[in-house]
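Owing to the predicted nature of the structure, the values given are computational and were not obtained by experimental measurement. Lettering of chains follows the sequences in order, A, B, ..., and the numbering in each one begins at 1.
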2 protein chains.
Amino acid sequence: MATIKDVAKLAGVSPSTVSRVIAGSDRISERTKERVRRAMNEVNYVPNAIARSLVRSRTRTVGFTLSRRADQAFSNPFFSEVLRGMSATAQRWDHDILLSISLDEQDEKKKCLQLIRERRVDGMIISTSRVQDEVIDVLIREKTPFVVIGRSAGAPVLSVNNDNVEASRRATKHLLEQGYRKIAFISGPRDLVVSLDRGQGYEKALVEAELPVESKRIVETDFSEEAGFAALCRMWEAGVDFDAVLASDDLFALGALRFADHMGLRVPEELGIVGFNDTPMMTHTHPPLTSVRILSYELGAEAMELLLQGLENREKLRPGKEILLPAELKVRQSSLRQGGKTEKQ
Amino acid sequence: MATIKDVAKLAGVSPSTVSRVIAGSDRISERTKERVRRAMNEVNYVPNAIARSLVRSRTRTVGFTLSRRADQAFSNPFFSEVLRGMSATAQRWDHDILLSISLDEQDEKKKCLQLIRERRVDGMIISTSRVQDEVIDVLIREKTPFVVIGRSAGAPVLSVNNDNVEASRRATKHLLEQGYRKIAFISGPRDLVVSLDRGQGYEKALVEAELPVESKRIVETDFSEEAGFAALCRMWEAGVDFDAVLASDDLFALGALRFADHMGLRVPEELGIVGFNDTPMMTHTHPPLTSVRILSYELGAEAMELLLQGLENREKLRPGKEILLPAELKVRQSSLRQGGKTEKQ
DNA sequence: CTGTTAGCGCGTTCAG
DNA sequence: CTGAACGCGCTAACAG
């Protein structure tokens, strides 16, 4: 593989001249530039990125760590969409992504630390969304430029998040507008900020409608269809009545659909259901599921954009700045008993 | 950030001694080792990975490129599971993953070439599965160590694949055993080897059962629920009869379920349905869908393992060696009309 | 406008 | 057992 020296020799100039041509320096004669370019082509020269990184102390690489928990919390396509968004933006800036998926937060913290201290990356993006996040602490301590996808409940950080509170409020309001009055809420684990936010939006909508927030209608459980189904069964057996379900994840919504089926309740007439995440397959449930659409691709793209801008100009990395992306309620049959119109797909 | 020189100075030795301690050389006195280690701890020293890569001409990094097409072809969780498997294995070998998701094959080829020529990676894993794959040609031309997830229909390569032919044969055989005789097959685009393989397995099972392969019962279309539904409608309107559907993707199976619903056909009594990929959500269809389970995690893990072994010992990188991973048929209600037993989830 | 020199941080001879 | 010297491939400062 050709090095800068080979090119220099072939073009009859010094290595630094070649380097200047690559950098597009303007104090090189057009003739020399041409000669150098020809030589570069001839030996098929491409600069060694590692050598460049060493001398520049910049790798043009961004690390992305993730522990399994976050992956499961959001339903699955979320993760790949975020990656696509990150990758597309990185591409435009001519940067690369170093990816690491860990089993738990401890491993993630270790890996994150390693990437930084070994100087493999210029900055980090993380997607953990726990209330107490040790990875964030590490990042701050190491003074690494980083962006969080989600929200930090602890130290103030630069973050990109979808507006869970507002989305949840709107979803609840939609159910109220459809005439449902006793709305149950299935929450994910409370140690995830996303759960807190969605719960808050739910309560907000009730308060705005001057309806009481009844804790008996709120249940917290792990993300799974079975858990959602079981939660509703328990509420039912406890004599709690409800005419709608706000499911903070589509998996819960699936459970709710099964519950309705199980109890012989018609959806949406006797039970309204709204989910979260708008998992593509959910368009095909019976009836089609109303769900909150998350802009996952945009989340990844925006996070990467913020980080790369921050890398160019550190002052842009203001901790405490939280970018909120809007989420859209995709209304379908599962929540429409007023005969309103369904949005297309 | 501390360098090897700082450590050397503090320990009162030369940089090369520190380097030897890091490498675990045995010709260093225990006393010196101890002094050096103490110094390393004191200044919190971590070797700079970039500098190491430069001098060693090895980055301990593996590139993984993917263009959107492959992502869509397999249904979504596939992709994240493969990544998890790759990441877990890479972790064990203390390697990293450089990820790039492109929009099309051209971009992927470019990116792949860039990673290699800039010497950012020691090897590549790719997951394209088109019949004519230009990325593979590039990889061969550059003499880069690489492993393919999927199968190459062109040049012989080292690859890991799930046994699509056998899986499809078994799925078809299962339908036959359940008494279905007129099995329709919905194929994905024919320019993907996975489509060819699944089609082949289907035909094989029919031939083994001494049944004719009727081309009128085979239809090729793009991966989507709608396309699957439409394909069956068209067959029906053309007067082709069928009592079961082998769907080469779960999306098609969803379409088939809707078709049954639409036509008032009972599943599995009047129409048996088997899907491919065992998308988690499919456990919750009505009735639950029989589907071929793909070992995505293992696919990623195995590909990484093969590549890293090959990096240590180039002779292990035998092109033409195709590792086949078994796929498992998850039998559920949608294909059970003989009252056989359903496997647990 | 261009070449020479030095050095990024580390591993690896080659002496001693 | 240890240190000095060199080089990985490239960029940047300083001359000229």
Compare all side-chain heavy atoms of A:V148 with those of A:D133 and state whether any distance is below 4.5 angstrom.
no

Backbone N/O of B:S25 and side chain of B:K33: donor-acceptor pair under 3.5 Å
yes

5'-most to 3'-most nt of DNA chain D touching chain B (<4.0 Å, heavy-atom partner on protein side) reads D:dC1 to D:dG9

A:V13, nearest nucleotide to its side chain (from C:dT2, C:dC10, C:dG3):
C:dG3

In whole angstrom, give the distance that lies between atom CZ of B:R60 and atom P of C:dG11.
12 Å

Classify B:T17 by what it touches in the nucleic acid, base, sugar-phosphate, or nothing, heavy-atom distance under 4.0 Å.
sugar-phosphate

Quick test of your reading of the model: are A:R84 and A:E81 salt-bridged, counting only N-O distances below 4.0 Å?
yes

Answer yes when B:E118 and A:R52 have at least one side-chain N-carboxylate O distance shorter than 4.0 Å, and no when they do not.
no

Does B:E322 come within less than 4.0 Å of B:R151, counting only side-chain N to carboxylate O?
no

Quick one: does any side-chain atom of A:T3 pair with a main-chain N or O of A:K5 as donor and acceptor, under 3.5 Å?
yes

What stem regions, each of at least 3 consecutive Watson-Crick or G-U pairs below 3.5 Å, can be found for DNA chain C?
C:1-16 with D:1-16

Hey, which sits more toward the 5' end of DNA chain C by its nearest nucleotide, B:Y45 or B:R20?
B:Y45

Atom-to-atom span, CD1 of B:I4 to C1' of C:dT12 - whole angstrom:
12 Å

Please report the distance, rounded to the nearest Å, between CZ in A:R120 and P in C:dG9.
16 Å

Would you find a donor on one side and an acceptor on the other, under 3.5 Å apart, between the side chain of B:D122 and the backbone of B:T59?
yes

Taking every non-hydrogen atom, the tightest pair across A:V160 and A:L299:
CG1-CD1, 3.9 Å

Checking the side chain of B:R60 only, and the main-chain atoms of B:W93 only, is there a donor and an acceptor separated by less than 3.5 Å?
yes

Between the protein and nucleotides 6-8 of chain C, which nitrogen or oxygen pairs are less than 3.5 angstrom apart?
none

For A:P47, report the nucleic acid contact type (base, sugar-phosphate, nothing); a contact means any heavy atom under 4.0 Å.
sugar-phosphate

With a non-hydrogen cut-off below 4.0 angstrom, is B:R119 in contact with a base, only sugar-phosphate, or nothing?
nothing

Touch class at under 4.0 angstrom, heavy-atom based, for B:S19 against every strand present:
base

Whole Å only: how far is the CG atom of A:D26 from the C1' atom of C:dC1?
11 Å

With hydrogens left out and only the distance checked, is there a donor-acceptor pair under 3.5 Å joining A:T32's side chain and the base of C:dT2?
no

Tell me what B:V18 touches on the nucleic acid: a base, only sugar-phosphate, or nothing, going by heavy atoms under 4.0 Å.
nothing

Just by distance, with hydrogens left out, do B:E108 and B:T65 show a side-chain donor and acceptor under 3.5 Å apart?
yes

Tell me whether B:N41 contacts the main-chain N or O of B:R38 through its side chain, where contact means a donor paired with an acceptor under 3.5 Å.
no

If every non-hydrogen atom of A:I101 is compared with every non-hydrogen atom of B:S87, which pair is closest and at what distance?
N-OG, 2.9 Å

